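In what follows, chains are A, B, ... by sequence order, proteins preceding strands, each numbered from 1. Remember, predicted model here, so these are calculated numbers, not experimental data.
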Amino acid sequence: MESRYKTYIYVEQLGNYIGKEVTLRGWVYDRTEKGKLQFIKLRDGTGIVQCVLFKPNVAEDVFERAKSLVQEASFGIRGVVREDARAPGGVEVDIADVWIYHIPPEQYPITPKEHGIEFLMEHRHLWLRSQRQWAILRVRAAVVRAIREFFDANGFVLADSPILTPNACEGTSTLFETEYFDLGKAYLSQSGQLYAEASAMALGRVYTFGPTFRAERSKTRRHLTEFWMVEPEMAFFELDDTMDLAEDLVEHIVQTVLRQCQRELAVLGRDTSKLEKVRRPFYRLSYTEAVEYLQKRGVKLIKKNPDGSESQYDFPWGEDFGAPQEEAIMEQFDKPCIIHRYPAEVKAFYMKRDPSDPRVVLAMDMLAPEGGGEIIGGSQREDDYDRLLERIRAEHLPLDAFQWYLDLRKYGSVPHSGFGLGLERTVKWITGAEHIREVIPFPRMIYRIVP
RNA sequence: UCCGGCGUAGCUCAGUUGGUUAGAGCAUCUGACUGUUAAUCAGAGGGUCGCAGGUUCAAGUCCUGCCGCCGGAGCCA
C-alpha cells in the first residue's frame with residue numbers, strides 16, 4: 001500500500017525489501033528466548049514475521065528491553081530483511097533496535113495452545129487477533145469485495161433497503177421488535193427484498209447489501225440472529241435468468257477468493273482443489289427430481305409424534321427439505337447445485353406460480369457442496385395484482401402494511417426475480433469453518449450478545 | 001419450542017466402587033542454552049471441584065433444584 005500516510009512498511013511487503021533496512025510496528029504474536037538469541041514474531045495485521053535478536057550484534061539495553069516483550073505487547077523495530085530458510089515464511093528481520101508502545105500488565109488470556117469454544121467466545125475481541133481468525137476475516141472481506149465488483153460491473157445499482165421496517169416480510173414470529181417514537185412498533189428487517197423490488201422498478205437491476213435479523217430460536221452451526229445478506233432484484237428477469245445470475249455470482253466469488261487469498265486459505269488448511277472445481281455450469285435439479293432421488297436412495301423423513309416419539313416416512317412429495325435431506329442430495333456433487341420449482345405450500349407468499357405446473361412456485365435454492373448447505377434462496381415474484389392480494393389474505397398478513405408493495409403490481413407490473421445470498425454461510429463454506437460464529441467479527445446468537 | 005451432553009488450577013483435561021493432604025500438560029515466575037517454530041532442561045508459585053440444599057462417619061464422586069455453556073432438530077440465508 002503506497003500512500004501519503006506511509007511512514008513505515010507492512011509485513012506483507014517485506015518480500016520487496018530483501019537486504020534493506022525497514023521499520024515495522026505491531027504486536028508480539030509469540031516470543032522465545034534461547035541464550036544469546038531472541039525470536040520475536042511480529043504481527044501487524046497484514047501478516048506475521050519472525051524478528052531475530054542476536055545479543056553480540058546489538059546494544060545491551062536493546063537486548064534487555066526486548067526481554068520485556070510478552071505476548072501481545074505493542075512495539076516497533078528497525079532492522080534488515082533477510083531471506084532465511086529457517087524462518088517461518090522464508091523471510092526474517094535482523095533487529096537493530098526495539099522500542100515499546102505498551103507492555104500488558106497482565107498475562108494475555110489466549111495462548112497459542114488450545115482453548116474451548118466458551119472461553120474463546122468470551123474473548124472474541126481478543127480472539128480476532130489469532131491467525132486463523134485473521135485469515136477468515138480477510139476471506140470475508142474478499143467475498144464482500146467480489147460481490148460488489150460483480151454487481152457493479154454487471155449493470156446493477158446499489159439501492160439499500162431500510163433496516164427499521166413497519167411490517168414483516170414473511171410473518172412476525174421471528175422479528176426483533178422495538179418502539180418507533182409515537183408510531184408504534186418497528187421491526188428489524190429480516191430481508192431487504194420487498195424494498196429491493198420497489199427499487200428494481202425504478203432502476204432496473206439493483207442489489208441491496210446489509211445486515212438482517214432473525215429472532216428464530218435456532219441454535220446450530222449455520223445460524224446467526226444477525227447476518228449479512230446481498231439481495232439482487234432484477235426487472236424482467238425470469239427464474240431461469242436468475243439461476244444463471246446466481247451461478248455467475250458464486251463462481252465469481254469463489255474464483256476471486258482463490259486468486260486473492262492464497263495465504264489465508266493456506267493458514268486455514270483449506271483444500272483449494274475443491275474450490276477450483278466451482279465453475280459453471282453448476283448442477284440443477286427440480287424439486288420433483290430431488291424428491292425422486294431421495295426416494296430412490298431411501299432417505300427417510302423423520303417426524304416427531306405428539307408423544308415425543310419419532311416416525312420414519314418415505315420422503316413424500318410436498319414436504320420441504322431439512323438439513324438431512326439437503327446433505328443427502330449434495331453427497332453426489334462436487335460443486336453447487338440449484339434446486340428449483342418447490343411446492344407452493346412450503347414457500348413464501350410472494351413467489352410466482354409455475355404456469356406449467358400450478359403445484360409449484362418459481363423458487364430456487366442453491367446448496368453448496370462439502371456440507372456448505374443452503375447459501376442462496378430466491379424466486380420469480382408474483383407480478384399479478386389479484387393473485388398477490390389473494391396470497392396476502394390467505395396468509396393473514398396485515399393488508400395495510402402491504403399496500404405499497406401491491407402498488408408495484410398496479411403501476412407497470414413486470415416479470416421480475418431476485419435472490420438472497422447469505423454472506424456468512426458463503427464464507428463458512430469457502431473457508432471450511434466448522435461454525436458460522438467464526439466468520440463474522442462479533443457474532444450475535446440466541447444465547448450470546450457479548451462482546 | 002423439543003431432544004441430548006458438559007461444568008475440577010489462567011487454559012486444556014484426568015480423577016476408579018464415595019475413603020488420607022485433589023493431579024497432569026500448557027501458561028506464569030526464576031535459572032541454563034547461537035536457530036526457536038506448540039523449543040528443551042532444572043526449580044517455584046497457583047484450587048470457593050459452577051451455585052444452593054440433601055444423603056452419609058466421610059461427597060469432586062450419590063440425590064434434588066438452580067445457573068452457565070455446547071451440540072442437534074424444526075425454521076431459514
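- Here A/Phe39 does not pack flat against the base of B/G35, since the 5.5 angstrom centre distance and 30 degree tilt limits are not both met.
- For B/G35, one of the phosphate oxygens OP1 or OP2 lies less than 4.0 angstrom from a side-chain nitrogen or oxygen of A/Lys34.
- Distances shown here put a side-chain N or O of A/Arg222 below 4.0 Å from the OP1 or OP2 atom of B/A73.
- A 4.5 Å side-chain heavy-atom check between A/Val11 and A/Val91 finds every atom pair outside the cut-off.
- At the phosphate of B/U1, OP1 or OP2 sits under 4.0 Å from a side-chain N or O atom of A/Arg217.
- No side-chain heavy atom of A/Met330 sits under 4.5 Å from any side-chain heavy atom of A/Glu370.
- Nucleotides B/U16 and B/A22 place their C1' atoms 14 Å apart, quoted to the nearest Å.
- An OP1 or OP2 oxygen of B/G74 is reached within less than 4.0 angstrom by no side-chain nitrogen or oxygen of A/His223.
- Of the charged side-chain nitrogens involved, none lies within less than 4.0 Å of a carboxylate oxygen, so that A/Arg270 and A/Glu264 do not count as a salt-bridged pair.
- OP1 or OP2 of B/G71 sits under 4.0 Å from a side-chain N or O of A/Arg437.
- Where A/Leu421 and A/Tyr447 meet RNA chain B, the nucleotide closest to each residue was compared, and A/Tyr447 sits on the side nearer the 5' end.
- Rounded to whole Å, the separation between the C1' atoms of B/C2 and B/U48 comes to 35 Å.
- Out of B/C76, B/G72, B/G35, the shortest distance to the side chain of A/Glu92 is found at B/G35.
- For B/G72, neither phosphate oxygen OP1 nor OP2 lies less than 4.0 angstrom from any side-chain nitrogen or oxygen of A/Lys219.
- At least one side-chain heavy atom of A/Leu397 sits less than 4.5 Å from a side-chain heavy atom of A/Phe349.
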